[in-house]
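Atoms within each ligand, like the ligands themselves, are counted from 1 in listed order. We number each residue from 1, following the sequence as shown.
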Amino acid sequence: MQLTIIGTGYVGLITGTCFAEMGHTVTCLDIDQNKIDNLNIGSIPIYEPGLEEMIKRNMIGKRLFFTSNYAEAIAFGQVCFIAVPTPSRDDGSCDTSYVCSAARQVGIHMKEPVTIVNKSTVPVGTASQVRSIVQSELDNRKSSLSFEVASNPEFLKEGAAIQDCLKPDRIIIGANNAKTAQLMRDLYSPFMVNYDKIIIMDICSAEMTKYAANAMLATRISFMNEIAEICKRVGANVNEVRKGIGSDSRIGYSFLYPGIGYGGSCFPKDIRALICKAKEVDCQSQLLDAVDAVNIRQKKVLGHKMVQYFSARGGINDKTIAIWGLSFKPDTDDMREAPSLVLIEDLLNLGAKLKLFDPIAMPNARQLLKDHPNLTWCKDELDAAKGADAIALLTEWKQFRFVDFHPIRAFMNGAAFFDGRNQYKPHEMKAKGFDYIAIGIPDQLKEV
Ligand code: NAD
């Protein structure tokens, strides 16, 4: 099939590339001319394992094209996906203006019947809004062209996006007629060689499914962060508790890791948008409010631990802290709403000196943090640790899993290790000479 993707960001670029990989012919459009120019010369704007080779392979195979020309892109596809941003407005509600603007362009430029499929995460009711916008543009042109609108929310995870896209757990389709549902089935048939992964439902339910999924995952994270704090205070080890509850098949192990709060471009904004939607329909959202509040609090937890630790050592002002990991999670360079940004700002306000290292996200982090006399950008984890009074692990990149701590400890000025991701064993770290402070683990942990 010939497909058009409007919006060539994480979702649009990866979806378009995976459709091309499966044999469809895809034109990806973006209003960012620079991004399109770079893609056309093979320069990839995001870091995602496996993406670059796949893009190049499909460009060479003439199944993947990039353009900023709306007329050309809309004329291309019989199915047109919208994958543009849906950021938070100041009040937390979802800003659908990018989706509406994309829909308007479809209405202005379409010359054949088209099926418009929304992949952006949008509140219930957005598909009807898209329908009205396209129809009003067609009316302006006195055109009687027909079109359909469907919802196909995206569930890929940054860092594992290619795998998620090629082998999705499920494909949610919201459609209001059998013809559109069948078209979506045909489109996704290359992804369902093993078994049928498509779940077809009405459009409102499909739009809501994405928010409910993200809300459930965020709830598990905030739940574990709260349990972790209780664990620490009562003398229990949350790492053990996690294993103990995860082994229950009704609970499972996924998304049970305490840490420094969830971040990224989706969870924080989607939870806020769902809370706003609930209020709009006069529905109480105590649980979601708490999930958000716990997360905001959790982003401050490691900073509080540092202040407490250094209060008996002359204060945190002027202390040097090595930061290992900046992106909101491993295997991505995405810094949007990364918890590291909150901690870094708090520590700078307290007068700390920070030595930053991330394997991939440094350029994006640098753009956001700008230059500051107390920030030093380092070439690796050892470089960051040199002369530091403490190390703080913020992102659990694989290369931090097994580190030779002996030279690191020797190069440090102090002995504190703040593990924001519970990556190490408390007794081992203590044996290596660190004052080891983690999430939900009491300082005086009894060895079994
Ligand atoms: P992004 O910011 O990475 O990319 C969006 C792209 O759309 C940008 O390149 C931007 O230039 C372009 N754009 C903006 N307005 C446009 C317009 N009118 N016409 C054409 N292009 C336009 O965003 P993203 O992370 O890909 O997210 C897109 C949507 O998918 C959001 O609703 C998000 O919530 C959802 N989503 C994201 C993820 C994720 O992991 N990033 C996962 C699932 C769902």
Side-chain angles (χ1 to χ4, degrees), residues 4-18 27-39 44-48 51 66-74 77 80-89 93-109 116-123 126-127 130 133-134 151-165 168-172 206-207 209-215 217-218 262-274 327-329 331-338 364:
T4 295
I5 313 271
I6 303 180
T8 309
Y10 275 92
V11 169
L13 182 57
I14 288 161
T15 311
T17 307
C18 288
T27 290
C28 293
L29 168 127
D30 206 283
I31 48 171
D32 182 340
Q33 184 65 49
N34 194 32
K35 189 177 268 189
I36 293 300
D37 290 345
N38 281 328
L39 281 161
I44 314 304
I46 53 171
Y47 173 79
E48 186 63 39
L51 181 63
F66 299 101
T67 183
S68 55
N69 182 323
Y70 253 110
E72 182 191 313
I74 302 301
C80 179
F81 285 89
I82 298 180
V84 297
T86 48
S88 284
R89 291 199 193 96
S93 63
C94 176
D95 176 358
T96 55
S97 60
Y98 298 85
V99 174
C100 295
S101 152
R104 189 158 295 112
Q105 293 298 324
V106 178
I108 291 170
H109 293 288
I116 302 158
V117 183
N118 188 37
K119 254 201 180 300
S120 295
T121 303
V122 289
T126 307
V130 165
I133 291 168
V134 177
S151 166
N152 172 212
E154 181 53 59
F155 294 92
L156 61 78
K157 302 182 287 296
E158 288 178 21
I162 298 280
Q163 190 64 11
D164 287 345
C165 225
D169 291 338
R170 73 322 206 173
I171 298 158
I172 303 286
E207 289 173 330
T209 297
K210 173 67 190 176
Y211 281 104
N214 277 0
L217 295 171
Y262 58 76
S265 66
C266 292
F267 285 5
K269 81 166 172 69
D270 291 348
I271 305 313
R272 291 193 294 260
L274 187 54
S327 56
F328 84 96
K329 67 173 186 175
D331 289 325
T332 179
D333 60 354
D334 198 342
M335 286 295 299
R336 291 178 283 186
E337 298 219 30
N364 285 350

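When only non-hydrogen protein atoms are considered, atom 32 (O) of ligand 1 lies nearest to Thr86 OG1, 2.5 Å. When hydrogens are left out, the protein atom nearest atom 35 (C) of ligand 1 is Thr121 OG1, 3.5 Å; that is the closest non-hydrogen contact. Scanning the protein heavy atoms around atom 14 (C) of ligand 1, the nearest turns out to be Pro85 CD, 3.4 Å. Given atom 43 (C) of ligand 1, the protein heavy atom at minimum distance is Glu154 O, 3.3 Å. Of all protein heavy atoms, the one closest to atom 28 (C) of ligand 1 is Val84 O, 3.4 Å. Protein heavy atom at the shortest distance from atom 4 (O) of ligand 1 is Gly9 CA, 3.1 Å. Annotation: atom 37 (C) of ligand 1 to nearest protein heavy atom, Val11 CG2, 3.3 Å.
At under 3.5 Å, a nitrogen or oxygen of Asp30, whether backbone or side chain, sits near a nitrogen or oxygen of ligand 1. Backbone and side-chain nitrogen or oxygen atoms of Lys269 are examined, and one is located within less than 3.5 angstrom of a nitrogen or oxygen of ligand 1. Looking at ligand 1, you won't find any N or O of Cys266 less than 3.5 Å from one of its N or O atoms. Here's the thing with Lys119: none of its N/O atoms is less than 3.5 angstrom from an N/O atom of ligand 1. The shortest N or O to N or O distance between Asp32 and ligand 1 is not below 3.5 Å.
For the atom pair Asp270 CG and Ser265 OG, the distance stands at 8.0 Å (nearest 0.5 Å). With values rounded to the nearest 0.5 angstrom, Ile133 atom CD1 is found 9.5 Å from Thr126 atom OG1. Rounding to the nearest 0.5 angstrom, the gap separating the NZ atom in Lys119 from the OG1 atom in Thr15 is 5.0 Å. Atom OG of residue Ser327 and atom CG of residue Asp333 lie 8.0 Å apart, to the nearest 0.5 angstrom. For the atom pair CZ of Phe81 and CD1 of Ile116, the computed distance is 12.0 Å after rounding to the nearest 0.5 Å.
Checking Ile172, Asp164, Asp169 one by one against Phe155, the side chain to side chain contact (heavy atoms under 4.5 Å, CB included) holds for a single residue, Ile172. Exactly one residue among Asp32, Asp30, Leu13 makes a side chain to side chain contact (heavy atoms under 4.5 Å, CB included) with Leu39. That residue is Leu13.
Heavy-atom proximity to Glu158, at under 4.0 Å, picks out these atoms of ligand 1: 39 (C), 40 (O), 41 (N). Atoms of ligand 1 lying under 4.0 Å from at least one heavy atom of Tyr10, given by number and element, are 3 (O), 25 (O), 26 (O), 41 (N). The ligand atoms of ligand 1 that sit less than 4.0 angstrom from a heavy atom of Ile6 are 19 (N), 20 (C). Close contacts between ligand 1 and Leu29 involve ligand atoms 20 (C) [criterion: under 4.0 Å to a heavy atom]. Listed by number with element, the atoms of ligand 1 under 4.0 Å from a non-hydrogen atom of Ser265 are 41 (N). Less than 4.0 angstrom separates some heavy atom of Lys35 from each of these atoms of ligand 1: 8 (C), 9 (O). Atoms of ligand 1 found under 4.0 Å from any heavy atom of Ser101 (numbered from 1 in listed order, with element): 18 (N).
Looking at heavy atoms from C-beta onward, Lys329 lies in side-chain contact with Lys157 at the 4.5 angstrom threshold.
One N or O on the side chain of Glu48 and one on the backbone of Ala160 form a donor-acceptor pair closer than 3.5 Å.
Only the side chain of Tyr70 comes within contact range of ligand 1, with a heavy atom under 4.0 Å; no backbone atom does. Both the backbone and the side chain of Leu156 come within contact range of ligand 1, each with a heavy atom under 4.0 Å. If you look at Arg336 next to ligand 1, the close heavy atoms, those under 4.0 Å, all belong to the side chain. Neither the backbone nor the side chain of Gln105 comes within contact range of ligand 1; no heavy atom lies under 4.0 Å. Both the backbone and the side chain of Ser120 come within 4.0 Å of ligand 1, counting heavy atoms alone. Contacts of Lys157 with ligand 1, taken as heavy-atom pairs under 4.0 Å, are absent altogether. Contact annotation: for Pro153 versus ligand 1, there are no heavy atoms closer than 4.0 Å.
Residue-environment remark: OH (Tyr70) exceeds the threshold of 12 foreign heavy atoms within 6.0 Å.
The minimum heavy-atom distance linking Thr332 with Tyr10 is given by the pair OG1-OH, 3.6 Å. Considering every non-hydrogen atom in both Leu29 and Ser68, the closest pair reads CD1-C, 3.8 Å. In this structure, Ile14 and Leu156 approach most closely via the heavy-atom pair CG2-CD2, 3.9 Å. Here the closest non-hydrogen pair linking Arg89 and Cys94 is NH1-O, 3.3 Å. Contact detail for Arg336 and Phe328: the closest heavy-atom pair is O-CB, 4.4 Å.
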